[in-house]
Novice: 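Mind looking over this structure? Questions follow.
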Amino acid sequence: MIEKYPVTIPPDRWLLDIFSPKDLYAPIRLIIRQGNYGSFFSLIAGSKRNFWELMDNAREDKHILIRYNSIVGKNLILLFEEVDLNLKNHFFLILLGIILVLSLFNGAASAKEPSNDSKTNPLQKPSVGGALQLLQKDGQMTLCNAKGEPIQLRGMSTHGLQWFPGILNNNAFAALANDWGSNVIRLALYVGESGYATDSSLNEKIIEGINLAIQNDLYVIVDWHVLTPGDPNAPIYKDAMAFFQEISDLYPNDPHLIYELANEPNGGDPGVTNDAKGWEKVKSYAEPIIKMLRDKGNENLILVGSPNWSQRPDLAADNPIKDSNTIYTVHFYTGTHKSAADSKDRANVMSNVRYALEHGVAVFASEWGTSEASGNNGPFLKEADEWLNYLDANNISWCNWSLSNKNETSAALQPFELGKQDATSLDPGKDQKWSLEELSISGEYVRSKILGIPYNPINRTSRTVFSDVVWNFDDGLQGFGINGDSPIQSVTLTNVNQSLNIAGLETSHDISEGNYWANVRLSADQSSARPDIFGAEALSMDVILTNPDTVAIAAIPQSSTHSWANPLRAVAIKPEDFTLQSDHTYKAKLTITTADSPSFDTISKDSTDSIMTNIILFVGTEKSNEIRIDNITVSGNKVVPEAPIVHDPLGKASIPSEFKDGTRQGWAWDSGSGVKTAMTIKEVNGSKALAFEAAYPEVKPTDGWASAPRMILSGVNTTRQASDCLSFDLYLKPVKGNTGTLSVNLAFAPPSLGYWAQAATNYNIDLTKLSKAEKTKDGYYHYTVTFDLTKIADNKVIASDTLLRDITIVVADVQSNFAGTMAIDNVRFEKEKKASSVKEAEKTKAPSAYIVKRGDSLWKIAKKFNTTYRELARRNNIKNPALIHPAQKLILP
């Protein structure tokens with residue numbers, strides 16, 4: 001239990017909290033908040049050195065050990081350790097001395113913390129809100145700050161840090177805290193799925209994230225990401241107690257921290273049932289961890305999930321955990337989980353939240369997305385509005401899934417997609433801000449909701465700057481003549497030096513903006529030009545004179561349905577605008593904008609009728625009787641239509657997949673694929689095969705899957721039966737590809753294994769040795785790819801009767817430069833393993849390089865190849881041995 005000794009100091013100066021544990025041997029922490037620590041030292045004694053000299057008495061007596069601990073954000077944290085029980089009073093005399101000095105210099109404190117702008121940052125940060133607590137307000141349990149006032153947390157959740165560790169950078173956390181106005185971040189540490197249970201060093205990612213959150217004044221949720229399997233009591237989660245004990249030892253009772261003990265309990269084998277018994281299993285798991293944290297004096301807010309992927313806080317309300325600062329989570333995705341008006345429907349997630357609140361417990365939406373529950377499709381923003389309005393009205397805090405650039409709708413940053421866009425960097429750069437264009441639609445929407453400002457989406461239509469010469473007069477008049485309604489008919493038009501020469505302007509001398517009607521009127525009635533001016537912003541032309549003069553021109557572009565709208569003004573160029581040319585003439589550019597010509601504006605914005613069929617020009621000069629016009633040009637910002645991707649027919653899902661019927665036999669791009677080019681049936685090596693174009697970006701994402709072609713055969717609902725392998729023919733025809741590696745991965749979606757089971761070993765193709773592969777008569781390099789189905793990652797077992805549901809093939813990028821055609825054929829289950837077209841001797845000898853797989857750690861790889869992790873780190877210039885990522889290529893000793 002922690003005792004808090006408050007000190008009253010004006011809030012715009014210094015806030016001093018003294019925490020003293022009842023166990024006098026434990027460290028005592030002094031936190032000076034909301035100040036400039038440099039000023040703090042100068043207040044005490046003028047410098048850091050003099051501050052320590054001020055404490056020499058305590059040091060010399062060796063009764064109190066004083067050590068400078070850290071500066072975190074705006075907070076100075078000092079640790080005092082008392083080693084002599086008899087000097088307790090001396091210790092507090094020292095603390096009171098510090099307080100006295102501070103109070104004496106109250107008026108001299110030089111750094112005042114800036115106030116938050118409610119328009120851009122409406123949420124209380126930890127430096128203001130302090131320790132979180134649950135209190136009853138208006139008959140409902142709600143989250144409150146240290147003062148007992150309701151507080152709402154709004155922010156983001158990371159994706160799995162084993163896959164997206166790049167988000168752990170100060171610029172990203174600063175962007176979230178400042179540009180997004182967030183006051184919380186959730187750190188998602190998967191336990192299964194190649195997470196903590198496979199590599200416990202991932203714990204360092206959580207510590208790194210906590211430090212970044214504290215540095216940026218954010219509350220931070222430490223999420224023990226229970227997902228696969230669904231029972232938090234399963235053996236894979238055996239280290240939960242030790243994990244939370246370690247984190248709480250590092251950050252004892254730190255008010256920034258929130259502990260989430262079980263992300264999404266569910267029915268995945270072994271799982272928990274979607275009923276009271278299922279909740280009882282979750283509760284029995286959580287209670288010992290909560291007791292451990294409380295016994296150690298940690299009063300932090302604790303989050304606990306519920307059955308059915310944390311959609312049943314109502315079950316927790318009927319049988320709550322006996323702890324005053326435990327809150328229950330709800331997870332929802334707006335494309336799947338609809339709103340509800342009451343608390344009666346146990347199959348509706350919002351209804352379950354209403355029930356929980358009505359029955360005396362508090363709820364925290366620690367994960368929600370704008371997509372369907374799969375993470376894809378949508379975004380469903382109308383439904384998101386309904387949910388967020390309800391959460392805000394009931395002071396329910398929330399974190400959106402996810403602050404990543406994964407290729408799924410729910411991700412907040414733009415993903416890589418071949419031929420369309422590069423992935424947004426997880427590090428926003430020194431300006432600590434992602435542009436709105438770098439955010440996905442979901443990210444742009446959620447940012448506005450965190451800030452509490454109206455959502456006004458940017459225009460994401462692809463556009464390009466264009467400038468098209470419509471009439472260059474290289475060959476005659478190009479359809480121009482005197483308009484039949486022109487008040488002046490005596491003008492003559494000829495082609496002089498490949499330009500339109502207008503002579504006889506003696507009576508066409510009005511250069512005012514409004515009286516262009518008095519001038520000669522030209523039109524292009526006989527022109528065959530039919531330019532599409534959609535997106536045009538300017539109509540320009542060269543004006544050529546013998547001597548500089550003032551020239552005024554008004555214009556009416558016409559289309560089939562927009563025939564006439566009076567110009568608002570004639571646009572004039574003056575003598576000083578002209579430049580002497582080498583042929584002794586003078587030239588200037590005259591530009592008419594859509595603001596000058598309503599007809600021009602209308603046509604340029606009408607996507608259904610933007611073809612200019614004619615143009616009328618009113619031409620006037622101040623003195624000149626003869627001028628020339630050339631290069632009439634339209635320019636602007638044109639919509640770039642997205643070329644439709646035409647696939648060959650999908651056909652019926654079939655395994656084996658031989659493509660003999662000319663269809664894709666059910667194969668399609670997975671929603672998370674970085675490649676979505678046309679899938680076609682081609683003749684390859686004398687057989688029909690499924691072919692597509694692929695290329696990898698020069699700037700590589702952390703996860704090699706992010707830019708990879710990812711093919712899926714959905715809903716086959718098959719089993720491997722007596723087969724122990726899955727094999728297929730892979731063909732490559734590179735335009736370029738002589739460096740790096742292609743790493744072929746295989747996965748299934750068995751419901752009994754949490755909808756994910758991945759082959760333990762990848763099939764790697766070294767592009768530097770491409771010439772050694774078998775080459776077909778039609779120029780493809782051929783590989784027979786085989787996966788052993790008796791060896792599945794994460795110690796999962798695909799039995800002969802395990803329902804597989806989906807088959808996914810991923811060709812991941814490992815620092816390669818491949819670009820060209822890929823094709824697959826003869827996807828089949830096999831009884832026995834088949835040798836690859838690569839020489840068996842090359843496959844079995846010890847490789848000189850190794851491709852990191854999901855779940856690998858440097859220590860495990862070193863053990864496998866009879867070396868040390870230090871040697872591997874040295875050889876590969878790895879500064880942090882805990883920081884390796886899937887598809888990374890390691891040079892072996």
Side-chain angles (χ1 to χ4, degrees), residues 466-505 507-508 516-545 551-567 570-571 573 585 587-594 596-606 608-621 624-636 638:
F466 71 97
S467 182
D468 298 331
V469 177
V470 183
W471 292 283
N472 58 16
F473 302 107
D474 286 350
D475 53 352
L477 305 184
Q478 295 186 344
F480 273 84
I482 308 301
N483 184 268
D485 294 326
S486 175
I488 301 172
Q489 294 287 326
S490 58
V491 171
T492 59
L493 303 180
T494 57
N495 187 293
V496 175
N497 294 333
Q498 296 183 317
S499 61
L500 179 66
N501 190 76
I502 310 168
L505 296 174
T507 57
S508 190
Y516 48 81
W517 301 102
N519 295 323
V520 68
R521 191 183 308 175
L522 310 181
S523 60
D525 298 275
Q526 304 304 311
S527 174
S528 61
R530 293 293 183 270
D532 185 347
I533 65 170
F534 188 71
E537 298 166 348
L539 175 74
S540 62
M541 60 196 77
D542 294 333
V543 177
I544 304 167
L545 299 175
V551 177
I553 298 178
I556 305 177
Q558 294 180 320
S559 71
S560 60
T561 58
H562 305 294
S563 59
W564 190 279
N566 291 340
V571 175
I573 48 176
T585 62
K587 184 166 72 173
K589 184 179 292 294
L590 184 146
T591 300
I592 297 167
T593 69
T594 52
D596 304 318
S597 172
S599 182
F600 185 24
D601 184 61
T602 299
I603 299 171
S604 69
K605 293 177 179 176
D606 187 348
T608 63
D609 183 21
S610 57
I611 304 300
M612 186 166 66
T613 58
N614 187 23
I615 189 169
I616 297 169
L617 300 178
F618 301 83
V619 182
T621 67
S624 301
N625 296 328
E626 185 172 345
I627 70 170
R628 287 156 49 196
I629 292 175
D630 199 6
N631 297 320
I632 300 177
T633 302
V634 291
S635 58
K638 185 179 293 185

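Model, not experiment: these values are computed from the prediction.
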Novice: Within the side chain of S597, is there an N or O that forms a donor-acceptor pair under 3.5 Å with the backbone of A555?
Specialist: yes
Novice: For the side chain of S486 and the backbone of R521, is there at least one donor-acceptor N/O pair under 3.5 Å apart?
Specialist: yes
Novice: Can you confirm whether more than 12 heavy atoms, excluding those of K605, are under 6.0 Å from its NZ atom?
Specialist: no
Novice: Treating D609 as the side-chain partner and T561 as the backbone partner, does any N or O pair qualify as donor plus acceptor under 3.5 Å?
Specialist: yes
Novice: Side chain to side chain contact (heavy atoms under 4.5 Å, CB included), that's the test. Do F600 and I533 meet it? Break it down for me.
Specialist: CA-CA 9 Å; F600 185 24; I533 65 170; 4.0 Å; yes
Novice: How far apart are the C-alpha atoms of S624 and V551, what are their side-chain angles, what is the distance that settles it, and do they pass the side chain to side chain contact (heavy atoms under 4.5 Å, CB included) test?
Specialist: CA-CA 9 Å; S624 301; V551 177; 5.9 Å; no
Novice: Looking at every non-hydrogen atom in both residues, tell me the closest pair between L617 and F480 and how far apart they are.
Specialist: CD1-CE2, 4.2 Å
Novice: Verify, without hydrogens or angle tests, whether Q498 (side chain) and N472 (backbone) share a donor-acceptor contact under 3.5 angstrom.
Specialist: no
Novice: Can any side-chain N or O of S508 pair as donor or acceptor with the backbone N or O of V619 at less than 3.5 Å?
Specialist: yes
Novice: Working to the nearest 0.5 Å, report the span between OG of S490 and CG of L505.
Specialist: 8.5 Å
Novice: Would a distance-only check, ignoring hydrogens and angles, find a side-chain to backbone donor-acceptor pair under 3.5 Å from S599 to P557?
Specialist: yes
Novice: Just by distance, do the side chain of Q478 and the backbone of Q526 share a donor-acceptor pair under 3.5 Å?
Specialist: no
Novice: When you measure from the side chain of N495 to the backbone N and O of F473, does any donor-acceptor pair fall under 3.5 Å?
Specialist: yes
Novice: Verify, without hydrogens or angle tests, whether S499 (side chain) and R628 (backbone) share a donor-acceptor contact under 3.5 angstrom.
Specialist: no
Novice: Tell me, with the steps shown, if W564 and Q558 meet side chain to side chain contact (heavy atoms under 4.5 Å, CB included).
Specialist: CA-CA 7 Å; W564 190 279; Q558 294 180 320; 3.7 Å; yes
Novice: Any sub-3.5 Å donor-acceptor pair from D606's side-chain atoms to T608's backbone N or O?
Specialist: yes
